[in-house]
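Working notes for the structure below.
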Amino acid sequence: MKKFSILLLFLPMLLAARPLSNQARISLITCAPGNEIYSAFGHSAIRVYDPLNRIDMVYGYGTFDFSDPMFLPKFIQRDLMYFLDVDQYPQFKYAYEYFQRSFDEQIFDLDSAQNQRIYDFLENNMRPENRFYLYDFFFDNCATRIRDVVYNELEGELIIPNKDEPSEFTFRNILDQYLMESPWMDFGIDLALGAVVDVKATPWEQTFHPDYLSSVIGGASLKNGKALVANKQNLYNAPSPLTKGNPFTAPLTISIIALLAVGFFSWKNRELAKKRFIGDGIFFTVLGLGGLLLFFLWFGTDHIATKQNWNLLWFLPTHLVAGILLFRKNKAPWLKTYFIISGGMAVLVLLGWYVIPQAFHIAFIPLLLIIALRAWILFKKLPAEVKT
């Protein structure tokens with residue numbers, strides 16, 4: 001029992017990070033995007049290399065537990081905890097080579113004391129009580145965590161040019177640059193994210209993206225006049241992907257085809273009986289379900305980026321009720337008023353395309369025209385009163 005008490009006394013010292021040698025170096029590793037949605041924008045990590053102490057570890061903040069039975073509800077609600085993970089560099093390198101993802105290294109020009117502070121922080125942050133955090137895609141992710149570690153542990157020595165000055169890019173602009181080969185992901189993101197991401201991002205805020213973090217770190221300097229990065233090298237260069245997106249299956253193409261088909265159907269069947277609204281019922285029910293999801297993402301979750309979503313002006317949750325009522329034999333008389341108002345709102349979104357403080361996906365234009373067209377036809381054809 002006495003020996004056990006002595007061990008407990010010295011346990012904090014045993015768990016403390018060991019001193020690094022004067023040959024140690026710390027670097028930023030920036031990884032290219034992967035094929036999965038969670039890796040679509042790349043990854044950032046810190047490498048600690050000390051040949052004398054046989055240390056070669058990679059620390060990354062972007063890890064989460066897929067096996068959690070509540071994974072999906074937590075992810076949607078923004079209750080999913082991410083954590084700091086560490087790998088041996090050879091293991092890390094093997095994984096990225098296996099998944100064909102390039103990665104670069106920027107080696108910092110730091111003295112031994114600065115290296116030690118960063119290493120001590122990472123080792124302390126690896127403890128079970130410290131390693132978990134509530135992830136946010138734009139404001140607290142694998143890249144921003146590393147930015148904060150480097151900035152804070154250098155104790156005011158790091159200088160970032162124009163750190164807090166707004167740039168020409170918004171958060172959404174930065175995402176769009178990396179979604180050109182993933183048009184449906186771009187469509188879904190533009191639908192789900194609100195006006196919060198349409199503000200100009202400062203260089204400090206742009207570091208939510210690994211490539212922008214790499215650029216900011218590459219342009220940073222220390223107060224002693226030296227550049228922060230002493231050397232940059234490519235550690236693995238993956239072959240270019242052979243497949244590219246098909247423009248004929250892109251959201252804009254599909255939505256234009258849908259508009260032409262609905263327009264032709266509307267003209268061809270303009271003389272049909274007034275009670276045949278099955279297609280409209282399906283269309284507006286689906287829109288209503290989508291609107292409920294957007295409403296929930298804004299008001300029912302803790303996600304910051306899904307707030308202030310102006311898509312709710314046309315993706316109305318109330319479409320769900322109106323769509324379901326279109327399947328009934330006796331139509332509620334107020335549906336005429338509802339559809340003329342909702343169709344008018346779709347037209348107002350089109351007219352205010354450059355005025356509304358949110359960037360909309362271009363594929364939304366044909367969809368808005370479909371809503372306006374079918375809403376007008378329903379207004380004309382629906383009965384003004386219920387027949388008994």
Side-chain angles (χ1 to χ4, degrees), residues 28 30 32-33 37 40-44 61-62 78 106 133-152 156 158-183 185-221 228-229 251-252 294 297-299 301-315 348-365 368:
L28 171 67
T30 304
I37 187 170
F41 298 99
H43 180 55
S44 296
Y61 280 94
R78 201 200 157 212
Q106 292 168 286
Y133 70 101
L134 196 58
Y135 177 89
D136 182 273
F137 181 80
F138 290 101
F139 306 108
D140 197 355
N141 66 8
C142 68
T144 63
R145 284 257 157 177
I146 289 173
R147 173 201 70 189
D148 294 343
V149 169
V150 175
Y151 190 81
N152 293 335
L158 189 62
I159 300 173
I160 298 176
N162 306 315
K163 173 176 172 285
D164 297 314
E165 296 182 11
S167 69
E168 58 180 312
F169 296 119
T170 67
F171 292 95
R172 196 188 302 270
N173 292 152
I174 295 173
L175 295 186
D176 288 342
Q177 295 171 13
Y178 294 86
L179 292 172
M180 296 180 66
E181 299 299 330
S182 303
M185 188 186 299
D186 183 34
F187 180 87
I189 286 175
D190 280 345
L191 192 60
L193 301 187
V196 174
V197 302
D198 288 301
V199 298
K200 303 289 186 180
T202 66
W204 183 257
E205 292 169 330
Q206 291 172 0
T207 57
F208 79 89
H209 194 287
D211 284 351
Y212 279 77
L213 174 64
S214 174
S215 177
V216 167
I217 290 294
S221 61
L228 173 62
V229 176
L252 179 60
L294 299 187
L297 289 174
W298 181 346
F299 297 101
T301 76
D302 295 324
H303 291 286
I304 299 173
T306 57
K307 310 298 182 188
Q308 303 174 31
N309 193 340
W310 289 75
N311 284 312
L312 281 167
L313 287 174
W314 60 283
F315 239 87
L348 287 175
V349 172
L350 287 169
L351 294 176
W353 192 266
Y354 296 105
V355 178
I356 297 172
Q358 179 173 327
F360 297 121
H361 197 286
I362 191 171
F364 294 167
I365 294 177
L368 286 162

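- Contact annotation: the side chain of V349 never approaches that of F315 to less than 4.5 Å [non-hydrogen atoms, C-beta and beyond].
- Between F139 and F171, the ring-plane angle classifies as perpendicular under the 30° and 60° cut-offs.
- When atom types are taken as modelled, the side chain of T207 and the backbone of T144 share no donor-acceptor pair closer than 3.5 angstrom.
- F137 and Y135 have perpendicular rings, their planes meeting at more than 60° on a 0 to 90° scale where under 30° would count as parallel.
- The shortest side-chain heavy-atom distance between F208 and L175 falls under the 4.5 Å cut-off.
- A 6.0 Å sphere centred on CH2 of W310 holds no more than 12 heavy atoms belonging to other residues, nucleotides or ligands.
- Of the possible donor and acceptor atoms, one in the side chain of R172 sits under 3.5 Å from a partner among the backbone N and O of G194.
- Side-chain contact between L158 and L228 is present, with heavy atoms from C-beta onward closer than 4.5 Å.
- Here the CD-OG1 distance, from E205 to T170, works out to 11.5 Å after rounding to the nearest 0.5 Å.
- Checking side-chain atoms of N311 against main-chain N and O of D190 turns up a donor-acceptor pair under 3.5 Å.
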Kindly indicate, with the supporting measurements, whether the criterion side chain to side chain contact (heavy atoms under 4.5 Å, CB included) is fulfilled by I189 and L179. CA-CA 10 Å; I189 286 175; L179 292 172; 3.7 Å; yes
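- Looking at heavy atoms from C-beta onward, L191 lies out of side-chain contact with H361 at the 4.5 angstrom threshold.
- Here the options are D176, I174, T202, the test is side chain to side chain contact (heavy atoms under 4.5 Å, CB included), and the partner is F169; only I174 passes.
- Taking OG1 of T306 as the reference point, atom CZ of F299 lies at 10.0 Å (rounded to 0.5 Å).
- A distance of 9.0 Å separates CD1 in I146 from CD1 in I217, rounded to the nearest 0.5 Å.
- No side-chain donor-acceptor contact under 3.5 Å links R147 to the backbone of L213.
- Ring orientation note: the planes of Y212 and Y178 are nearly perpendicular, at an angle over 60° on the 30°/60° scale.
- Within a 6.0 Å sphere centred on CD1 of I362, heavy atoms belonging to other residues, nucleotides or ligands number 12 at most.
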Determine, stepwise, if the pair D211 / S214 fulfils side-chain hydrogen bond (donor to acceptor under 3.5 Å, both in side chains). CA-CA 5 Å; D211 284 351; S214 174; over 6 Å; no
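- Rounded to the nearest 0.5 Å, atoms CG (L294) and CG (L193) are 10.0 Å apart.
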